Amino acid sequence: MSWMHDTLVGFDLETTGTEPSRSRIVSAALIEAKAGEPVRRRAWLADPGVAIPAEATAVHGITTERAVAEGRPAIDVVAEVAAALVSYLRQGVPVVVYNAPFDLSLLAAELGRYDLPSLERQLGGAVGPVLDPLTVDRAVDKYRKGSRSLENACALYGVELAEAHEAGSDALAAVRVALALGERYPDRVGAVDPAELHLAQIRWHADWAEGLQSWLRRSKDPQAVVDGTWPLRQPDASAE
């Protein structure tokens, strides 16, 4: 039976910035879903221990003042989010993450920041199966122009996004976009075993990164580097 008929869990973070190795978690959500409908929701609000920049607040709406007043210590949130994610992965439940190298790499960096066990250490192996609708969409509709943001993907695939940049809403929308991709592309996506689809996404992301890097070097920056690692990059040891 296809993964589309089984339990999926959507994962999303809202953060202090856009650089995974240096940004901090502000909020997080894990949405367990069946047939695209939520059956369990878990959400966290953290005090990241640093000021939340105005540009980040403008995206997700969470101020430093609210995070300090209502959020829990970051170390506790990071540990709980990782433990919950690991619990699903140990059961073989596919974790759906839109732009996985951002969210999973940021979580990995946070674990390192607080000297907590890495996801790989907790799992006793590689992180997976992961389903990244952004990576899949780039592969199955390679030449489509325009932004591939979650908002645009939802519009394209007919998925409601109730509240963009709210972690729970984004996590559920990612699950529904994944299901829409599976329905539209059964041979390449929907009928593929999650472990095989995970391996395919490693190749797809690497191919996309290589193509983007080549284009950037030809047209904009001869020294451009695009990281082709998926689904997460190792934390930068120099990051604060």
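The analysis underlying the following values was restricted to heavy atoms, covering all of them including side chains, and did not include hydrogens, waters or symmetry mates. Note that this is a predicted model, so its numbers are computed, not measured.
Between A167 and S27, the shortest heavy-atom contact is CB-OG, 4.0 Å. The two residues P48 and Y114 have their closest heavy-atom pair at O-OH, 4.0 Å. Smallest separation of non-hydrogen atoms from D132 and A100: OD2-N, 2.9 Å. Taking both residues in full, the closest heavy atoms of R42 and A84 are given as NH1-CB, 3.4 Å, listed atom of the first, atom of the second, then distance. Closest non-hydrogen pair, E32 versus T7, comes out as CG-CG2, 3.6 Å. Across every non-hydrogen atom of S147 and S149, the tightest pair is OG-N, 3.1 Å.
Taking OG1 of T15 as the reference point, atom CD of E110 lies at 9.5 Å (rounded to 0.5 Å). Of the inter-residue distances, the one linking F102 atom CZ with T18 atom OG1 reads 6.5 Å to the nearest 0.5 angstrom. The distance from atom CH2 of W3 to atom NE2 of H5, rounded to the nearest 0.5 Å, is 9.5 Å. Summarising the geometry, atom OG1 belonging to T229 is positioned 12.5 Å from atom CG belonging to L104; distances are rounded to the nearest 0.5 Å. With rounding to the nearest 0.5 Å, the separation of CG in D103 from CD1 in I25 is 9.0 Å. One finds the CG atom of L197 at 5.0 Å from the CG atom of L131 (value rounded to the nearest 0.5 Å).
Annotation: side chain of I52 is not in contact with side chain of T63 (no heavy-atom distance under 4.5 Å). Proximity of L116 to Q122: side-chain heavy atoms (C-beta onward) are nowhere separated by under 4.5 Å. You'll find the side chain of V175 stays beyond 4.5 Å of the side chain of I31, heavy atoms only. By the 4.5 Å heavy-atom criterion applied to side chains, R66 and L45 are counted as neighbours. Counting heavy atoms from C-beta on, the side chains of V130 and F11 never come closer than 4.5 Å. Looking at E55 and V59, their side chains never come closer than 4.5 Å, going by heavy atoms from C-beta outward. Proximity of D227 to P101: side-chain heavy atoms (C-beta onward) are nowhere separated by under 4.5 Å. With contacts defined as side-chain heavy-atom distances shorter than 4.5 Å, the pair V96/P133 qualifies.
In E210, the CD atom is not crowded: 12 or fewer heavy atoms of neighbouring residues, nucleotides or ligands sit closer than 6.0 Å. Counting non-hydrogen atoms of other residues, nucleotides and ligands closer than 6.0 Å to CZ of R121 gives a total of 12 or fewer. The number of heavy atoms from other shown groups lying within 6.0 Å of CG (D221) is above 12.
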* After noting the C-alpha distance and the side-chain angles of L156 and R144, does the key distance pass the side chain to side chain contact (heavy atoms under 4.5 Å, CB included) rule? -> CA-CA 11 Å; L156 177 66; R144 189 177 79 247; 3.4 Å; yes

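Among residue pairs with one or both ends in residues 151-179, those qualifying as salt bridge (Lys or Arg N to Asp or Glu O under 4.0 Å) are E37-R176; sequence neighbours excluded.
There is a path of hydrophobic side-chain contacts, each under 4.5 Å, that joins L150 to V189. Note on V127: it clusters hydrophobically with L199, by side-chain heavy-atom contacts below 4.5 Å among ILVMFWY residues. Residue Y88 is not grouped with residue M4 when hydrophobic side chains (ILVMFWY) are merged at heavy-atom distances under 4.5 angstrom, including chains of intermediate members. In this structure, L179 is not a member of the same hydrophobic cluster as V95, with clusters built from ILVMFWY side-chain heavy atoms closer than 4.5 Å. Cluster annotation: W230 is connected to L106 through the hydrophobic network of ILVMFWY side chains, with a link wherever side-chain heavy atoms come within less than 4.5 Å.
None of D76, L30, L13 except one satisfies the side-chain contact (heavy atoms from CB on, under 4.5 Å) rule with W44; the exception is L30.
With sequence neighbours excluded, no residue forms a ring pair (Phe, Tyr, Trp, His ring centres under 6.0 Å) with H60.
T135 places no side-chain N or O within donor-acceptor distance of the main-chain N or O of H205, the cut-off being under 3.5 Å. Put simply, the side chain of Q213 gets close to the backbone of V226: a donor and an acceptor are under 3.5 Å apart. The backbone N or O of A83 lies less than 3.5 Å from no partner atom in the side chain of S87, so there is not a single donor-acceptor pair. For the pair R148 (side chain) and D137 (backbone), a donor-acceptor distance under 3.5 Å is present.
Inspection of the E183 and Y157 side chains reveals no N or O donor paired with an N or O acceptor under 3.5 Å.
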